[in-house]
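These notes concern the structure reproduced below.
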There are 2 protein chains.
Amino acid sequence: MLPHVAIIGVGLMGGSLGMALRQRGLASRVTGVGRRAERLETARSLGAVDAWALDPHEGVREADIVFIGVPVGQTAAIFRQVAPSLPGGCLVTDLGSAKARLTTDCEAACPEGVFFVGGHPMAGSEATGVEAARPDLYEGAVYILTETARTDPGALERLEALVRALGAAPLRLAPEDHDRMVAFTSHLPHLLAWALARAAEDARRIDPSLLSLAAGSFRDMTRIAASSPEMWRDIFLHNRENLLKAALDFRLRLQALEDAITSGDEAGLERLLAEGQTARKAFRG
Amino acid sequence: MLPHVAIIGVGLMGGSLGMALRQRGLASRVTGVGRRAERLETARSLGAVDAWALDPHEGVREADIVFIGVPVGQTAAIFRQVAPSLPGGCLVTDLGSAKARLTTDCEAACPEGVFFVGGHPMAGSEATGVEAARPDLYEGAVYILTETARTDPGALERLEALVRALGAAPLRLAPEDHDRMVAFTSHLPHLLAWALARAAEDARRIDPSLLSLAAGSFRDMTRIAASSPEMWRDIFLHNRENLLKAALDFRLRLQALEDAITSGDEAGLERLLAEGQTARKAFRG
C-alpha cells in the first residue's frame with residue numbers, strides 16, 4: 001500500500017519532494033497545502049502535487065505521511081495547528097535546516113498515536129519557490145533524520161526507507177549533533193555570504209564599476225546570499241548558540257590571517273594558507 | 001607581422017594564454033620560460049608553447065611581447081633580471097592579481113625603449129599548473145590593463161588589441177583603482193574562504209562525520225581555499241592596505257548580523273538579510 005503524502009509548504013524543497021514522490025511512484029497521492037491557491041495551482045501544473053488544499057486540516061486528514069516544508073520558526077506551530085486532524089499512525093516530519101529546538105517542540109506537540117521524526121535533506125539552493133523545484137533535487141543528497149529518546153524506531157525505519165527510495169542517503173543524528181555540525185558546514189557559510197555581499201555593496205557605492213570586477217570567486221562566495229531572508233532568519237535564531245560559536249572560531253582564524261598580513265609575515269602567512277588549503281582538500285567535492 | 005611572444009611562468013594562466021595565442025593564430029611563435037625542463041616539456045606537449053627555454057635571457061631575446069606569469073612578489077625581480085636582454089620596442093606585461101606596487105616597481109625597472117603595461121585577466125580558478133590550462137580560459141573574461149602617467153599609449157593599444165583577439169574584454173584602470181576594487185571582489189573572498197576552511201577543520205576534529213554534512217554552500221564557500229598559498233601570500237601582501245580595509249568593513253557587517261542573532265532581533269535580522277540579498281542580486285551571475 002503506497003502512502004498518501006501531504007506536503008505543507010510547496011516551495012523548492014516541498015515541491016521537489018512532491019515531484020520525486022510522484023515520478024518514482026512512491027505515493028498513492030500527494031496533497032499540497034499552502035496559503036495561496038494560485039501558488040498551489042502552479043505546483044499542481046508543474047507536477048509537484050496531485051491535489052491541493054488551503055485548509056491544512058483538510059489537507060492532512062487522510063495523510064499517512066506529512067512533510068512540513070515551511071520556515072523552521074513556523075514548523076511547530078503548524079504541527080500544533082493540524083495535530084487534531086492527523087489520523088492515527090500518521091508520520092509527521094519536516095524539511096528544516098535546524099533541528100534541536102524544532103524537534104523538542106514538535107515532539108511536545110505530537111499527539112498520541114502520531115509519530116514525529118525530524119528531517120533535513122542536505123539539498124536545495126538559494127532559489128525559492130516551486131518554479132525552481134526539480135524531481136532530482138534529493139538524488140545523492142545526504143538526508144539527516146533525527147533520533148532522540150522519544151523517536152519511534154518503526155517510524156524512523158519507515159521514513160528511512162522512503163528517503164532511500166527518493167535516491168537520497170539517510171543519516172541518523174541526534175538533533176544537537178546535527179546542529180553543531182551544520183553550524184560550520186551550512187549556517188556559518190550563509191552568514192559570511194551575507195556579510196560579504198553587504199560589504200561589497202558598500203564598496204560598489206564608491207566604485208560603481210566594481211560590478212565588472214566580480215569574477216568567479218565573488219559569485220561563488222555570495223551566491224547563497226540570494227537565499228530567503230525569512231527562512232534563514234529562523235534558521236540562524238534556532239541554531240543561535242552553535243552559530244555564534246562557529247562565527248567566533250571563524251573570526252579567530254580570520255584574525256590570524258589578518259595579523260600575518262599586517263605584520264608582513266611572509267612565512268607565517270604562507271603557512272596559514274597552506275593549512276587552509278590542506279583543510280579544504282580534506283573535504284570532498 | 002605576428003608577434004613573437006614569450007611567456008615567463010607557464011602555469012594555469014600562462015599556459016592558457018599560450019594555448020589561446022597558438023590556436024587563434026595570434027603569435028608567430030610562443031616561447032615558454034621556466035625553471036624546470038620537465039614542466040616546460042609538459043607545456044609544449046599540451047600545446048601551450050612552441051618552444052621553451054630555461055634561460056630567461058635566451059627566452060626573451062627575440063620577443064615582441066613578454067608576459068610574466070609568476071607570483072606577484074617575483075614579477076619585478078624577473079623583469080629586472082631580463083631587462084638587459086629585452087629587444088628595443090618590446091612590450092612587457094604581467095598576469096598578476098595585485099597591480100599598484102607591481103606597476104610602480106615594473107615601471108621603475110623598465111629600460112629605455114621597452115614598454116610596460118600591467119595586466120590582470122579576471123579568469124582562472126583554484127587550480128594550478130599547466131595541466132589545468134585551457135585555450136578558452138580568457139574567453140569572455142574582463143581583462144584589466146593598467147594605465148598610469150608613464151603608460152605609452154601605443155603600447156596600451158597594442159596590448160588591448162591582443163586582449164580583444166583573445167576573446168577577452170579589456171578594461172583600462174589606474175592600478176590603485178584596480179586594487180581597491182579587487183580587494184572586495186576577489187582578495188577578501190579568498191581570505192574568507194581560507195578562514196572558513198580552517199575553522200571547519202577545527203570542527204571536523206571534534207566531529208569527524210562533519211564531512212558528510214558539507215553540502216553545496218560549504219563547497220562553494222571554500223573552493224578557492226585550495227588555491228596556491230605562495231601565489232596568494234604575495235597578492236595579500238601586495239594589496240595589504242586595501243585588503244585590511246575590506247576585511248574591516250566585512251567584520252562590521254558580520255558583527256551587525258551576529259548582534260541581531262545574539263539579541264534575537266527577528267525583524268532586524270530579517271532586514272539585514274534582505275539588504276544582503278538585494279546587494280547580491282545587484283551583481284550579475
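Letters go in sequence order (proteins before strands), and every chain restarts at 1. Since the structure is predicted, the reported quantities are computational estimates derived from the model, not experimental observations.
- Looking at Asp202(B) and Phe184(A), their side chains never come closer than 4.5 Å, going by heavy atoms from C-beta outward.
- Looking at Leu196(B), both its backbone and its side chain come within 4.5 Å of chain A, counting heavy atoms on both sides.
- Within the 4.5 Å cutoff, no side-chain heavy atoms of Ser227(B) are placed close to those of Gln277(A).
- For Ser209(B), the parts sitting under 4.5 Å from any heavy atom of chain A are the backbone and the side chain alike.
- To the nearest 0.5 Å, the span separating CD1 on Ile206(B) from CE on Met181(A) amounts to 11.0 Å.
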Problem set entry | Step-by-step side chain to side chain contact (heavy atoms under 4.5 Å, CB included) determination, Leu213(A) to Leu171(B) | CA-CA 10 Å; Leu213(A) 301 189; Leu171(B) 176 66; 3.9 Å; yes
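- Contact tally against chain B (heavy-atom pairs below 4.5 Å) for Arg240(A), Glu201(A), Met122(A): the top residue is Arg240(A).
- Remark: of the listed residues Arg223(B), Arg280(B), Arg219(B), Arg223(B) is the sole one forming a salt bridge (charged side-chain N to carboxylate O under 4.0 Å, His left out) with Asp220(A).
- The parts of Leu254(B) that come within reach of chain A are both its backbone and its side chain, each placing non-hydrogen atoms under 4.5 angstrom from that chain.
- With rounding to the nearest 0.5 Å, the separation of CZ in Arg233(A) from CG in Asp265(B) is 10.5 Å.
- In terms of heavy-atom pairs under 4.5 Å with chain B, the best-connected choice from Leu192(A), Leu243(A), Thr278(A), Val182(A) is Leu192(A).
- The CD atom of Glu258(A) sits 10.5 Å away from the CZ atom of Phe236(B) when rounded to the nearest 0.5 Å.
- Residue Ala123(B): no heavy atom, backbone or side chain, is found under 4.5 Å from chain A.
- Neither the backbone nor the side chain of His120(B) comes within less than 4.5 Å of any heavy atom in chain A.
- Heavy-atom pairs under 4.5 Å with chain B peak, among Ala197(A), Ala260(A), Pro189(A), at Pro189(A).
- The residue among Ile144(A), Leu257(A), Thr185(A), Leu210(A) with the most heavy atom pairs within less than 4.5 Å of chain B is Thr185(A).
- For the atom pair Leu269(A) CG and Trp194(B) CH2, the distance stands at 9.0 Å (nearest 0.5 Å).
- Atom-to-atom distance recorded for Leu273(A):CG and Trp232(B):CH2 is 10.0 Å, nearest 0.5 angstrom.
- With salt bridges taken as basic N to acidic carboxylate O contacts below 4.0 Å, none links Arg198(A) and Asp249(B).
- Proximity to chain A (any heavy atom under 4.5 Å) is shown, for Leu252(B), by neither the backbone nor the side chain.
- Under 3.5 Å, the side chains of Gln255(B) and Arg251(A) contain a donor-acceptor pair of N or O atoms.
- Of the listed residues (Leu188(A), Ile224(A), Ile261(A)), the one with the most heavy-atom contacts under 4.5 Å to chain B is Ile261(A).
- Interface check for chain B: of the options Ala279(A), Gly276(A), Ala199(A), the most heavy-atom pairs under 4.5 Å are formed by Ala199(A).
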